[in-house]
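Numbers restart at 1 for each chain; the letters A, B, ... are given by sequence-line order, proteins then strands.
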Amino acid sequence: MATPKKTPLSRIRPSKRPTIAPPEKSPYSVTKSPTATSLKPAPIHLTHPDKILDTETQLTKQQLADYYWAIAPYMLPHISGRPISLVRCPEGSTETCFYQKHLTDTLPPGIEPIDIPNQRTGKPEPYITLSTPEALASLAQISVLEVHPWGSRNQDLEHPDRLIFDLDPDPSIPWPVLAASATEIRKRLQQLGLESFLKLTGGKGLHIVLPIQPEHDWATIKDFTHAFALEIEHSNPQLYLTKMSKAARKDRIFLDYLRNERGATAVAPYSPRARTGATIAMPLPWSDLKPNHKLAERPTFHAASFSDWKSRLHHDPWKQLPSLRQHLTPELLAQFKTSK
DNA sequence: GTTTTTC
DNA sequence: GAAAAACAACGCCCA
DNA sequence: TGGGCG
Ligand SMILES: [Mn+2]
Ligand SMILES: [Mn+2]
């Protein structure tokens with residue numbers, strides 16, 4: 001019996017193992033719609049195209065490559081020109097996975113290096129970046145189930161232009177409560193004159209993305225998001241907390257401002273997750289959170305059932321994001337400081 | 001998944 | 001030559 | 001300082 005190796009991350013190293021054989025046919029890739037068609041195959045080489053990367057949905061490496069190829073026009077605008085970290089699962093989503101952030105010589109062609117100075121030593125290290133649909137699709141060959149971009153661009157690494165308000169709920173938090181919290185945070189930002197964008201993380205939580213002009217350094221941005229999170233926590237300490245420990249999280253939502261830090265990453269929109277079902281980090285229109293909306297439970301999307309949800313792309317809920325030019329003014333920064 | 005080390 | 005092992009991140013926070 | 005955490 002193969003004795004598992006150690007790795008720091010519980011989700012990256014799932015504790016559960018499949019105990020029963022998966023069904024021969026999975027409902028996830030079965031298309032009920034008469035108009036749906038199979039995807040165009042990605043024009044890249046795969047060593048084992050039929051290898052299953054997610055047993056729950058029977059997702060194959062070929063399907064993953066075709067998914068990346070098809071989603072590239074929607075995903076690339078949010079990852080190209082940025083350093084990215086990868087989560088690789090050579091034995092599938094239920095087995096040991098690992099992060100890769102450095103460029104190595106065994107990566108597929110089209111993956112590019114971006115040298116980033118180590119914060120402490122100043123020594124440049126080759127990180128990963130990519131900019132083409134081919135390079136994105138080729139991530140399937142190395143079993144990449146998650147793509148995580150930095151919040152800043154290669155050309156201006158020290159000045160973030162994407163802030164993440166990361167809502168990490170205790171499992172006991174009902175979806176309508178989480179949805180109302182996200183809506184409240186959007187409204188608070190709107191009161192500051194800032195529009196923001198929503199996505200499912202593909203796990204239990206939500207990300208609220210605030211695009212800004214790259215005008216401030218990471219320390220400034222981190223302190224702003226920290227102070228903003230603290231204000232929310234103080235407004236309703238029964239529901240929110242800004243401490244990371246899971247023990248203290250019981251029945252609460254952790255406001256994880258630590259995504260807004262040099263070198264930190266957040267899962268990319270439309271990235272699959274390295275978890276059972278290969279769920280998608282899906283952008284949502286804010287209207288999906290309205291109290292009267294049908295969604296009584298958190299919606300879930302799978303990479304393997306892309307053909308069932310690809311029509312959602314007709315209306316890209318993040319369409320306005322890249323063209324917004326929002327500023328964190330000196331007044332706003334002065335209003336949100338952890339020590340004043 | 002690939003490369004390096006060991007038998 | 002085949003099999004096994006090594007390797008593929010990192011840094012903040014707080015007890 | 002170690003371990004939890006993402
Ligand atoms: Mn989260
Ligand atoms: Mn988080």
Inset, instruction - Give a yes/no on whether any side-chain N or O of A/H102 is located under 4.0 angstrom from OP1 or OP2 of C/dC10. - result: yes
Legend entry - Interatomic distance, A/L258 CG vs C/dA9 P [rounded to whole Å]: 22 Å
Inset, instruction - Between C/dA9, B/dG1, C/dC12, spot the one nearest the side chain of A/M244, thanks. - result: C/dC12
Legend entry - Interatomic distance at C1', C/dA9 relative to D/dC5, whole Å: 14 Å
Inset, instruction - Please map the stems of DNA chain B, keeping only stretches of three or more Watson-Crick or G-U wobble pairs with both distances under 3.5 angstrom. - result: B:1-7 with C:1-7
Inset, instruction - Provide, to the nearest angstrom, the distance between the NZ atom belonging to A/K243 and the P atom belonging to D/dG6. - result: 15 Å
Inset, instruction - Flag yes if A/I71 and A/L200 sit in one hydrophobic cluster, no otherwise; membership is Ile, Leu, Val, Met, Phe, Trp, Tyr, and two members link when side-chain heavy atoms are under 4.5 Å apart. - result: yes
Inset, instruction - Mind calculating the distance between CD (A/Q100) and P (C/dA6) to the nearest angstrom? - result: 19 Å
Inset, instruction - Provide, to the nearest angstrom, the distance between the NZ atom belonging to A/K246 and the C1' atom belonging to C/dC13. - result: 16 Å
Inset, instruction - Rounded to the nearest 0.5 Å, what's the gap from CG on A/D217 to CG on A/L157? Could you check? - result: 13.5 Å
Inset, instruction - Could you tell me whether A/R153 and A/D156 have a side-chain N and a carboxylate O separated by less than 4.0 Å? - result: no
Legend entry - A/L46 side chain reached by A/Q141 side chain, heavy atoms, under 4.5 Å: yes
Legend entry - Pair A/D168 + A/R259, salt bridge at N-O below 4.0 Å: no
Inset, instruction - Indicate whether OP1 or OP2 belonging to B/dG1 is found under 4.0 Å from a side-chain N or O atom of A/K51. - result: yes
Inset, instruction - Find out if a path of hydrophobic residues (ILVMFWY) with successive side-chain heavy-atom gaps under 4.5 Å connects A/W150 to A/L321. - result: no
Inset, instruction - Could you check how far CD of A/E146 sits from P of C/dA8, rounded to whole Å? - result: 19 Å
Legend entry - Proximity to the side chain of A/D166 - top-ranked nucleotide from D/dG6, C/dA9, C/dA8: D/dG6
Legend entry - Length of the CG-C1' vector between A/D256 and C/dG11, whole Å: 13 Å
Inset, instruction - Please tell me which of the listed nucleotides, C/dG11, B/dT2, C/dA9, lies nearest to the side chain of A/K101? - result: C/dA9
Inset, instruction - Using the C1' atom on both, measure C/dC10 against B/dG1 and round to a whole Å. - result: 22 Å
Legend entry - Sugar-phosphate, base or nothing in reach of A/Q119, heavy atoms under 4.0 Å: nothing
Legend entry - Result of checking A/S271, A/S80, A/P149 against A/M75 for side-chain contact (heavy atoms from CB on, under 4.5 Å): A/S271
Inset, instruction - Would you mind classifying the nucleic acid contact of A/R249 as base, sugar-phosphate or nothing, using non-hydrogen atoms under 4.0 angstrom? - result: sugar-phosphate
Legend entry - Whole-Å gap separating C1' (D/dC5) and CZ (A/R252): 18 Å
Inset, instruction - Nearest whole angstrom, please: distance from the P of D/dG6 to the CZ of A/R275. - result: 11 Å
Legend entry - Salt-bridge contact A/E146-A/R88 (side-chain N to carboxylate O under 4.0 Å): no
Inset, instruction - Taking only the side-chain heavy atoms of A/F254 (C-beta and beyond), determine which of C/dC10, D/dG6, B/dG1 contains the nearest atom. - result: D/dG6
